[in-house]
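Following: one structure in structure tokens, then a few remarks.
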Amino acid sequence: MSYDLLLAGGEVVDVGGGHVGRHDVGVRGGRIAAIAPALPRHEAREVVDARGKLITPGLIDLHTHVHPGATYWGIDPDPVAWYTGVTTWVDAGSAGAYAIESLRAAVTDYQVRVAALLNVSAVGLTAPDGESRELANCDVDLAAATLAGNRDLLFGVKVRMDGKTVGANGLEPLRRAIKVAEAGEVPVMVHIGVAPPSVDEVLRLLRPGDIVTHCASGLASGMVEGDGIAPAVVEAYAAGVLFDIGHGSGGFAFDVLEAQLKAGMIPHTISSDLHARCLYGPVFDLPTTMTKLLAVGLPLEEVVAAATVRPAQALGLPGGAGTLAAGARADLAVFALEEGAFELVDSHRQLRVSDRRLVNELTYVAGRPLPPRLPPHPKPWIPLTDAQHEALRRRSGRVRALLSAPLVGADGLAEQFPRSP
């Protein structure tokens, strides 16, 4: 058997495919061809020495926003993907029925895979909030028809349940989102935030397999009670509601997560909620979010599973997504697991320290390495601190200096057109 690519000698963490330990990974025709402790190097066109590195399935970020041309929150995923290992981006409700064709057109140009959740509000996330204040926007029949007509792209329904978004409509947008999801036999992802409604009111309506994102929110009213987690939250977890981190600008608090872990409530999935306001902090990217889960004591295998196979299972993504199973698309990530003392911050500037962190070194989509790309400047409406502006200026300066210097000296060149004797 021949291989186009062989990743040799890495520490594989592929919980979904049942491969954990030192393995070689062989790729042929853009798919996983073989995975074993030793594959023949001479049969590979390209061999990458992965000794001392961590090999995982391409990461799946269950909550992102990747519709930059038509929404307040959206970013281009490709410039982030190549240095983070995220090969599948789930757009969580950027588009409702009115903009689904625009989203479809946008994602066809991306190198990464994009799955999406349909916003129950037809206007989607064109503004910072408020999409469900007008109930006419939450048209069940229109959303259900849109979902049915776009099942290759849409894998669930999204609704934001906080006071700014729903206004005086209370739980009705959620009830309508559930009707749409029931018609399409897909899960609902529910954003929780500042009340009303409260967390317990939201959770009582959710079904097993539905997803509550921002599950460790420090803003959501009713998440904690006394020194522990509120009974309604514990009951929803036990009933099969899936808890997703969904970090974002304001959706993640270390102390809330630690209280959940103390109660035995390990988050099912780890997502970044990466968007235009948190790309520059406090989120930065999915590997940084995963490192925050390492900082509070979750094992590495648990953290990787929560960002690979489990989000794939939560949405029923096809083609072996989130695994390195034979025949799956060869989406791969190679990481260094650096040791040290790494300070990490949540949405409320609470700090924790991790003794290791994930640093991506290679990202492959369908067996091909993603090329480096520079991210665009922040949109003018994105609020940034003076420190963030200065850091962006410094970064631009370093990139300019790197690219303006000659790549190699004379000893690194060949005489491409030799002179005649």
Side-chain angles (χ1 to χ4, degrees), residues 15-16 56-67 73-75 77 80-81 84-95 103 107 110 112-119 125 153-161 177 181 186-193 206-217 237 240-249 251-252 257 260 265-275 278-279 283-293 298 302-323 331 333 358:
V15 176
T56 73
L59 302 183
I60 299 174
D61 198 335
L62 187 64
H63 185 162
T64 68
H65 296 282
V66 294
H67 198 190
W73 301 96
I75 62 171
V80 181
T84 62
V86 182
T87 58
T88 298
W89 296 63
V90 180
D91 183 278
S94 294
L103 177 64
V107 304
Y110 296 150
V112 295
R113 184 199 316 233
V114 174
L117 308 177
L118 178 70
N119 199 310
L125 300 183
L153 175 64
L154 298 175
F155 292 84
V157 180
K158 174 73 181 297
V159 60
R160 295 200 292 181
M161 295 302 297
V186 296
V188 171
M189 175 184 280
V190 183
H191 152 121
I192 54 173
L206 299 187
R207 310 159 299 163
D210 286 338
I211 304 161
V212 56
T213 193
H214 314 310
C215 70
S217 171
Y237 186 93
V241 173
L242 302 181
F243 279 47
D244 172 60
I245 289 294
H247 190 314
S249 295
F252 175 68
L257 174 62
Q260 291 175 342
M265 300 167 57
I266 299 172
H268 299 92
T269 53
I270 299 171
S271 72
S272 66
D273 184 19
L274 200 62
H275 54 65
C278 67
L279 176 62
V283 174
F284 303 108
D285 52 56
L286 183 57
T288 301
T289 304
M290 295 165 70
T291 300
K292 294 177 187 184
L293 275 291
L298 288 189
E302 174 69 30
V303 168
V304 172
T308 53
V309 65
R310 292 219 201 102
Q313 292 170 339
L315 296 184
L317 298 181
T323 78
D331 293 352
L358 290 161

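Computed from a predicted model, the values in this text were never measured in an experiment.
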Exercise. List for me each residue that meets side chain to side chain contact (heavy atoms under 4.5 Å, CB included) alongside A116, sequence neighbours excluded, and say none if there are none.
Key: D91, L103, L153, L154
Exercise. Give a yes or no answer on whether the side chain of S217 reaches the backbone of G251 with a donor-acceptor pair at less than 3.5 Å.
Key: no
Quiz prompt | Value rounded to 0.5 Å, distance of NZ in K158 from NE2 in H63 | solution = 3.5 Å
Self-check item: Rounded distance (nearest 0.5 Å) linking atom CG of D273 with atom NE2 of H65
Solution: 4.5 Å
Practice problem: First locate atom CG of L59, then atom CH2 of W89, and finally report the distance between them rounded to the nearest 0.5 Å. | Solution: 10.0 Å
Exercise. Any chance you could measure D285, atom CG, to L279, atom CG, to the nearest 0.5 Å?
Key: 8.5 Å
Quiz item: Can you name the closest pair of heavy atoms from L242 and G209 and give their distance?
Solution: CD1-O, 3.8 Å
Quiz prompt | Value rounded to 0.5 Å, distance of CG in L315 from CG in L62 | solution = 5.0 Å
Quiz item: By side chain to side chain contact (heavy atoms under 4.5 Å, CB included), which residues pair with V159, not counting sequence neighbours?
Solution: V120, M161, P173, L174, A177, V188, V190
Quiz item: Any side-chain heavy-atom pair from L293 and L257 closer than 4.5 angstrom?
Solution: yes
Quiz prompt | Residues forming a ring pair (Phe, Tyr, Trp, His ring centres under 6.0 Å) with F243, sequence neighbours excluded | solution = Y237
Practice problem: Using the six-membered ring wherever Trp is involved, compare the ring planes of H275 and W73 and label them parallel, tilted or perpendicular (cut-offs 30° and 60°). | Solution: perpendicular
